[in-house]
Amino acid sequence: MYPKLIIKKSKLRDNALTIKNLLEEQGIDLSPVTKGFSAIPELVEMYDSLGFNYIADSRILNFKKQGPLHAKRLLIRLPSLSELEDVIRYSDACLISEPVVIKALNEEAKKQGKDYEIILMVEIGDLREGLLKEDVIPAVEEILKLENITFLGLGINTNCYGGVIPTKENLTELIELRKKVEETYHISLPITSGGNSGTMYMPQGLPEGITHLRIGETILLGTESSLGNRVENLHYDVFSVELEIIEVQRKPSKPWGKIEKNAFGETVSFEDKGEMNRGILACGRQDLPFEKLIPLDDIELLGSSSDHIIVDLKDTGYKVGDILTFHFTYGALLGLTTSAYTTIEIQE
Ligand SMILES: *Cc1c(COP(=O)(O)O)cnc(C)c1O
């Protein structure tokens, strides 16, 4: 059945190890992030066999579906107040910013007789999660009073909402703030978490003092997310998707008739390129955002509705029933692994 997502497990293992070793040389602990492939248990187990201290995911449900792991489980989306019981049960540590939630987490940890680790998030300009710098010192004072909470350190997130990327300047700000916290409270913090795959555009140039990164995309696709470039020595073809052609007809390129908005309320316009060999693929927006696909053949992606992708097959000679293979960027992987309609084939 198609869409068929093909995953080359040994290449994924290579990528994870290559980055783990590269970062270890700089004293940085890597937590691989599994949300990009919806934490498929066979792949999480493979990560777990590589000896990571933490395996990270944004969703408690992704931890809940795993068997026992050697690594600790790091929740990287701020925990919701409504799910704290499961947070304590199915994870060992989290990124967090809200003092109210930290207190509630301590209460739940006490109830379950557990100690729970936290990394306090600091806002450095991207404007997603994190406390402003001036609010960090007072928050830490409160955290240190909580019996069932272990305070691991500080973290930042970038490249998400505001498009702000990690730089020597903002990473150094984080390191300075960590030192200030350590001096103020006479503690030593093992983790200074410098971000995600956005940081991998400067794999050698991280300022000293960053001790931890949370990386999904670079392991999965071999790319960093600040400039969108490939990172050296990684496989870029861990994942591919196969889609089936269900119609091939020679038709005009410009729609005709009375034109209104399309099925998604979008106003569309088309250039008249004359007749073309138009193909329809049995895959649509319900499966993946089609603009994230990268064709391996000389074809052009034209558009997509809920269940269909329309392509210009040019002179490839493809016919109905043929299978087209694509690579893709991150958004398509999220869609494909989340969708119930994808067949997943894991190859060695
Ligand atoms: C998703 C996420 C990551 C991993 O991002 P990649 O770009 O896949 O490396 C790291 N940290 C946080 C907080 C995230 O939400």
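Not measured: the values here are computed from a predicted model. Along the sequence shown, residues are numbered consecutively beginning with 1. These values consider heavy atoms only, across backbone and side chains, with no hydrogens, waters or symmetry-generated copies. Read the numbers this way: they start at 1 and go in the same order the structure lists the ligands and their atoms.
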Classify the contact between E224 and ligand 1 as side chain, backbone, both or neither, using a heavy-atom distance cut-off of under 4.0 Å.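 For E224, there is no contact with ligand 1 at all, from either part.
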Is it the side chain, the backbone, both or neither of L95 that has a heavy atom closer than 4.0 Å to ligand 1?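 Side chain only.
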Going by heavy atoms, is E129 under 4.0 Å from ligand 1?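 Yes, that is the case, since the closest heavy atom of the residue is under 4.0 Å from the ligand.
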Could you establish whether R128 and ligand 1 come within less than 4.0 Å of each other, counting only heavy atoms on the residue side?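 Within the 4.0 Å threshold, so yes.
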Suppose I only count heavy atoms of I215 and a 4.0 Å limit; which atoms of ligand 1 are within that range?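 Every atom of ligand 1 under 4.0 Å from some heavy atom of I215: 9 (O).
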Can you tell me which residue and heavy atom of the protein come closest to [atom], and the distance to 0.1 Å?
{"atom": "atom 12 (C) of ligand 1", "value": "N157 OD1, 3.5 Å"}
{"atom": "atom 8 (O) of ligand 1", "value": "E217 N, 2.8 Å"}
{"atom": "atom 5 (O) of ligand 1", "value": "N196 CB, 3.4 Å"}
{"atom": "atom 9 (O) of ligand 1", "value": "S197 OG, 2.5 Å"}

Do you see a donor-acceptor pair shorter than 3.5 Å between the side chains of [X] and [Y]?
{"X": "D297", "Y": "Y318", "result": "yes"}
{"X": "Q347", "Y": "E345", "result": "yes"}
{"X": "N170", "Y": "T167", "result": "yes"}
{"X": "Y54", "Y": "E117", "result": "yes"}
{"X": "T192", "Y": "H212", "result": "no"}
{"X": "H327", "Y": "D237", "result": "no"}

Options R77, K35, R214, ranked by nearest heavy atom to atom 14 (C) of ligand 1, top entry: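 That would be K35.
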Which atom pair, heavy atoms only, marks the closest approach of N159 to S226?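 What the structure gives for the nearest pair is ND2-OG, 2.9 Å.
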Ligand 1 and G216, any nitrogen or oxygen pair closer than 3.5 angstrom?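 N/O-N/O distance under 3.5 Å: yes.
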Answer yes or no on whether R285 is positioned over the face of F290, meaning its NZ or CZ is under 6.0 Å from the six-membered ring centre and within 45° of the axis.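 No; the conditions do not both hold, so R285 does not lie above the ring face of F290.
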